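What follows is a short report on a single structure.
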Amino acid sequence: MSKKILVVVEHEEGKIRRGSLEALAAARQLAEAWGGQVIGAVAADQATSLAEEFARRGADQVVALEHPALARYTPDGYRQAIAGLIEEIAPEWVLMAHTYLAQDMLPLVSAASGAPVLSDCVGVEIDGERAVFLRQPYDAKFVARTVDNGPAPHFATLQSGAFPADDLPENHGGTVSTHAVEIDAAALRREVLEVREVGDRTVDLSASEVVVAGGRGLGSKEKFDELVGSLAQALGAAIGASRPVVDSEWLPHAHQIGSSGQAITPKLYVALGISGAIQHVVGIRGAQCIVAINRDKEAPIFNEATYGIVGDVAEVVPALVAAIEEARAQ
Ligand SMILES: Cc1cc2nc3c(=O)[nH]c(=O)nc-3n(C[C@H](O)[C@H](O)[C@H](O)COP(=O)(O)OP(=O)(O)OC[C@H]3O[C@@H](n4cnc5c(N)ncnc54)[C@H](O)[C@@H]3O)c2cc1C
């Protein structure tokens, strides 16, 4: 029997979250190695159009799990919907992006069979019939190759940017079926009373294709604004920062990149005056191209960089901006 890989889809304001497309990319990797099938699950009050989109992007089959109680996420509502589907289709693996929702809900589902969740995985290797997931313990200083030797279903969550979704098809042609699920409303223990917007929603570095970030090496808020701001403007980029920049209150925390900030997956990331401490680097490993400018040629950021420029930001950045503007003018 061909192995089934189930991806639980997260969505927000009618859109599939990018992490779920990355989980789909990982699922395709497994399905192609095993000649298996990728199945998506979308839970919502009205899930069909999202399910159709997921089927276009590479799922072979998508189940729209619909019930009025699924209009908003609750762990018990999702647990009931997803656990029912798992029982019905018996997948080999259940994959999700490593998000707060997945950390909240997936252990509730996996606990039904006593299975562990392999969390925050950054890669996968196929070993015959087994999937060996790679994880990075101790702030990514090690790589742990991990298998789940228990019976299926197995569960894993995937780190943002670890499985790029860029190569997913636009017109895969998977099928969609809509299931009206049974939800026991009395079993929904958690209720969200109100959602208030508090953070700066304009700063979503995780969705930016180009990010220019500055570090302590910029020296002052004025220099940060001048140099990072001018390069970001020239490249049409979002602005990020290392932690000392945020600690010095040059920028709000919403701009911080790293283990206690955002993990980003842009096509281009430019680091100005950032040393490349591990706590920063774990937030940029999903970037496709990293350009680092640092006056210290031994700075660890150069170990991560695709292109490195050894030099003073005060000299290199204005020259870069001028070159970009000149190229644009031609
Ligand atoms: C629990 C914990 C969580 C953390 N979380 C995060 C996090 O989420 N994000 C994060 O970024 N950090 C985090 N940190 C802090 C992290 O360890 C580093 O201290 C921090 O990333 C260093 O920031 P930086 O590179 O801007 O500064 P520095 O390490 O001081 O580096 C400055 C760099 O600028 C270069 N430089 C100086 N002047 C110039 C110049 N004129 N031109 C060019 N280059 C120049 C220097 O050579 C140096 O490499 C965390 C730490 C801990 C303990």
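Every value quoted in this text rests on a predicted model; they were computed, and no experiment measured them.
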| said: What verdict does the side chain to side chain donor-acceptor pair (under 3.5 Å) test give for Glu10 and Thr99, after you've listed the backbone C-alpha separation in whole Å, the side-chain angles of each residue and the deciding distance to 0.1 Å? | reply: CA-CA 9 Å; Glu10 273 187 61; Thr99 60; 2.4 Å; yes

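- Using a 4.5 Å cut-off on side-chain heavy atoms (C-beta onward), Asp184 and Gln80 make contact.
- Of the candidates Phe163, Trp93, Phe155, Trp93 is the only one forming a ring pair (Phe, Tyr, Trp, His ring centres under 6.0 Å) with Phe133.
- Atom CD of Gln233 sits in a sparse spot, with 12 or fewer heavy atoms from other residues, nucleotides or ligands closer than 6.0 Å.
- Atom CD of Gln136 and atom CD of Gln159 lie 6.0 Å apart (nearest 0.5 Å).
- Between Arg130 and Asn149, the closest side-chain pair of non-hydrogen atoms falls below 4.5 Å.
- Put simply, the side chain of Thr265 never gets that close to the backbone of Ala287: no donor and acceptor are under 3.5 Å apart.
- Contact annotation: the side chain of Phe302 never approaches that of Tyr307 to less than 4.5 Å [non-hydrogen atoms, C-beta and beyond].
- At distances below 3.5 Å, not a single donor-acceptor pair connects side-chain atoms of Asn171 with backbone N or O atoms of Arg56.
- No chain of hydrophobic side-chain contacts below 4.5 Å, direct or via other Ile, Leu, Val, Met, Phe, Trp or Tyr residues, connects Val42 to Ile86.
- By the 4.5 Å heavy-atom criterion applied to side chains, Ile239 and Val212 are not counted as neighbours.
- For the pair Asp120 (side chain) and Leu158 (backbone), a donor-acceptor distance under 3.5 Å is absent.
- Around atom CG of Asp167, no more than 12 heavy atoms belonging to other residues, nucleotides or ligands sit under 6.0 Å away.
- Salt bridge present: Asp60 and Arg28 bring a charged side-chain N and a carboxylate O closer than 4.0 Å.
- Here the side chain of Ser248 pairs a donor or acceptor atom with the backbone of Pro244 at under 3.5 angstrom.
- In this structure, OG on Ser110 lies 10.0 Å from CE on Met105, to the nearest 0.5 angstrom.
- The local environment of CD in Gln288 is crowded, with over 12 non-hydrogen atoms from other residues, nucleotides or ligands closer than 6.0 Å.
- The hydrophobic clustering, which links ILVMFWY residues whose side-chain heavy atoms are closer than 4.5 Å, places Val9 and Ile89 apart.
- A cation-pi arrangement is found for Lys3 relative to Trp34, the charged atom lying closer than 6.0 Å to the ring centre and inside a 45° cone about the ring normal.
- No side-chain donor-acceptor contact under 3.5 Å links His280 to the backbone of Ser259.
- Taking the side chain as every heavy atom from C-beta outward, Leu21 and Phe54 approach each other to under 4.5 Å.
- Linking Ile, Leu, Val, Met, Phe, Trp and Tyr residues whenever their side-chain heavy atoms come within less than 4.5 Å places Val94 and Val117 in a single cluster.
- Arg135 contributes no side-chain N or O that, together with a main-chain N or O of Thr146, makes up a donor-acceptor pair within less than 3.5 Å.
- Without hydrogens or angle criteria, Gln37 side chain to Ala31 main chain gives no donor-acceptor distance under 3.5 Å.
- Distance check, rounded to the nearest 0.5 Å: CG of Asp166 to CD of Glu22 gives 8.5 Å.
- In terms of heavy-atom proximity, Ser208 sits nearest to Ala238 at OG-CB, 3.4 Å.
- A salt bridge links Arg285 with Glu304: at least one charged nitrogen is closer than 4.0 Å to a carboxylate oxygen.
- For Asp76 (side chain) and Arg189 (main-chain N/O), a donor-acceptor pair under 3.5 Å exists by modelled atom type.
- The backbone N or O of Ser119 sits nowhere less than 3.5 Å from a side-chain atom of His98 that would complete a donor-acceptor pair.
- A side-chain donor from one of Tyr73 and Asp104 sits under 3.5 Å from a side-chain acceptor of the other.
- For Gln46, the CD atom counts as loosely surrounded, since its 6.0 Å shell holds 12 or fewer non-hydrogen atoms of other residues, nucleotides or ligands.
- By the criterion of side-chain heavy atoms lying less than 4.5 angstrom apart, applied directly or through intervening Ile, Leu, Val, Met, Phe, Trp or Tyr residues, Leu24 is not grouped with Val63; the two fall into different hydrophobic clusters.
- Between the side chain of His255 and the backbone N or O of Ser242, no donor-acceptor pair lies under 3.5 Å.
- For the atom pair CG of Leu320 and CG of Leu231, the computed distance is 6.0 Å after rounding to the nearest 0.5 Å.
- Residues Leu108 and Tyr78 fail the side-chain proximity criterion, which asks for heavy atoms closer than 4.5 Å.
- In this structure, Ile274 and Asn294 have side chains that are not in contact, with every pair of non-hydrogen atoms separated by 4.5 Å or more.
- In this structure, Gln29 and Val124 have side chains that are in contact, with non-hydrogen atoms separated by less than 4.5 Å.
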